[in-house]
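So the structure is just underneath, and the comments pick up after that.
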Amino acid sequence: MAKYKACIGLEMHCEISETNTKVFSSAANTYSDVPNSNIRPVDMAFPGTLPVVNKEAVRKSIMASLILGCKQPEYMYFERKNYYYPDLPKGYQITQETKPIPVGIYGKLTFDCNGEQKTVRINNLHLEEDAASADHTGSYSTIDYNRAGVPLLELVTEPDLRSAEEAVNFLETMRAIYQYAGISEADSKKGQIRCDVNVSIMDEDKDDTNLENYGTKIEIKNVNSFGGVRDAINYEIERQIELKEDGKYDEMEQQTRRWDEESGTTIYMRSKVDAIDYKYFVEPNIPKFRIDPAWVEKIKSEIPELPMERLEKYQEQFGLSAYDANILVKEKEVSDYFEECIKLGIDAKSASNWITTRILGHINKENLQMREIYITPAMLKDLIEMVSSNQISSKQAKDLFYKVLEDKKEPKVLAKELGMEQIASDEELRSIIVKILDANEENIKKYKEGRTNVLDYFVGQVMKETRGKANPALTSSILIEEIGKR
Ligand code: ADP
Ligand code: MG
């Protein structure tokens, strides 16, 4: 790879959530497992039905546009992209071309990629409707129109990304922004994020600020997971390098391919030469409407705390490392959990340690969502306090943590049930220790003669007596004190 650099541009489609209704119809915009339950005649393109623009979808799109520093339109209108496919009953998709300004143009995003700051230019952001979903099984196909008309926000980057790693980090940052801003749940598992990936390569020493140096771009359609994006890019870079080394790169035509998860390869779909002419024209059923600058200002003031702000706060205010802070802000649910811990008064470093190691470790291993984990911030607080008040040792705390998740019982209750509580009461320990010392005159004498390792013997006796529940530090200090009195 050293001889070449990759140029990658992404088209990221993300469904907008929580708009009550779909982008142009009154059907509910909620995910449903029951096919064809969230549909209205307009989603089915019945004659005589008319689209009505959902204001909340426009508001959320403009918010995204503001966050990315894009220029917003004065007037908004929609266009028809004409093509036929069974999942598109109207025969066209209502979308926005980039002229003059859709919901935003020319922004940028700076994101972290393994400790390095990278910046990608955003070409544009536009609002459109999602298509239905078609499922092909054996000799028949089914179509679920629930997805038809769900608001979809498409973000198009310039080809500024240089590796699969950068592309995935960019997508993860965007996903976090969408989640924090309440624009989208951005859940890949629900198919809410889908990407088209554009890849070309150029010689390492060529100037990538000069468009003439760019190679022919290959578009990979509809990659629906970040892992898929990473693998598709890496595969495509290798494929193009091979073509280059074989002297065949220059004759390669601009084309659309698809990512085949099973074989881990990209497969040729069509050449750009026979690209579909979508015959765009202005959607006549939606009048052009004005975007009030005062409304844009209001939307700006409503932008919630974003991941980059929390990232800064965690480092500057809470003294966390950049590494830990990045892990915490990556997913909103994780960051919210951490914030809740802070609100409950848990020390930031301690909360961060528990979350980044044990909690996320458990979630990843069990393939859970943060919201599904049994242990709440309040329970974590109990657990941490049991250690700091010497009720249990930190080793016991780790065991207890997993036991809490397994048995789904509160740490305090479980610690009692398991007899895990340490004896950390001075009074209780002292009376046990005095009894042991009374019966061991010989050993006290030895200790006083300088054989300090006898102390270990006494600690051992106390542990035996309490079945390991005595707090070791407290035991030693009381022992020394009591021996000193004799
Ligand atoms: P199209 O008209 O085919 O949709 P665009 O110019 O709109 O092409 O670009 C679509 C996407 O392709 C953008 O994300 C852009 O960054 C990316 N892209 C454009 N040229 C290249 C290239 N030479 N190499 C890689 N990606 C590219
Ligand atoms: Mg395109």
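The analysis underlying the following values was restricted to heavy atoms, covering all of them including side chains, and did not include hydrogens, waters or symmetry mates. Every number for a ligand or one of its atoms is a count from 1 in the order of the listing.
Although no hydrogens or angles enter the test, the distance criterion places no donor-acceptor pair under 3.5 Å between the side chain of Tyr178 and the main chain of Ile16.
Summarising the contacts of atom 15 (C) of ligand 1 with Ile122, Thr157, Val156, the nearest heavy atom is found in Thr157. Among Glu219, Lys217, Met12, Glu158, the residue whose heavy atom lies closest to atom 4 (O) of ligand 1 is Lys217.
Taking the ring centre of Tyr278 as origin, the terminal cationic atom of Lys81 falls inside the region bounded by 6.0 Å and 45° from the ring axis. Stacking of Lys398 on the aromatic ring of Phe401 is not recorded, the 6.0 Å distance cut-off and the 45° axial limit not both being met.
Less than 4.0 angstrom separates some heavy atom of Tyr214 from each of these atoms of ligand 1: 23 (N). Short contacts between ligand 1 and Gly215, defined as distances under 4.0 Å to a heavy atom of the residue, involve ligand atoms 23 (N). Interface of Leu10 with ligand 1, defined as ligand atoms under 4.0 Å from a residue heavy atom, comprises 14 (O). Atoms of ligand 1 found under 4.0 Å from any heavy atom of Glu11 (numbered from 1 in listed order, with element): 10 (C), 11 (C). Near Cys7, meaning under 4.0 Å from any of its heavy atoms, are these atoms of ligand 1: 24 (N), 25 (C).
Here's the thing with Ile8: none of its N/O atoms is less than 3.5 angstrom from an N/O atom of ligand 1. Looking at Asn198 next to ligand 1, an N or O pair under 3.5 Å apart turns up.
Between Phe111 and Phe170, the angle of the ring planes goes over 60°, which puts this pair in the perpendicular group of the 30/60° scheme. Relative ring orientation between His362 and Tyr402 is described as tilted, the plane-to-plane angle lying within the 30° to 60° band.
Ser133 and Arg147 are not linked by any side-chain donor-acceptor pair at a separation below 3.5 angstrom, with hydrogens and angles left out of the test.
Proximity of Thr216 to ligand 1, defined as any heavy-atom pair under 4.0 Å, is not found for any part of the residue. Counting heavy atoms under 4.0 Å from ligand 1, residue Lys272 touches it through the side chain alone.
Between Glu242 and Lys248 there is no salt bridge, since no side-chain nitrogen of the basic residue lies less than 4.0 Å from a carboxylate oxygen of the acidic one.
The heavy-atom pair separating Cys7 from Tyr214 by the smallest distance is SG-CE2, 3.5 Å.
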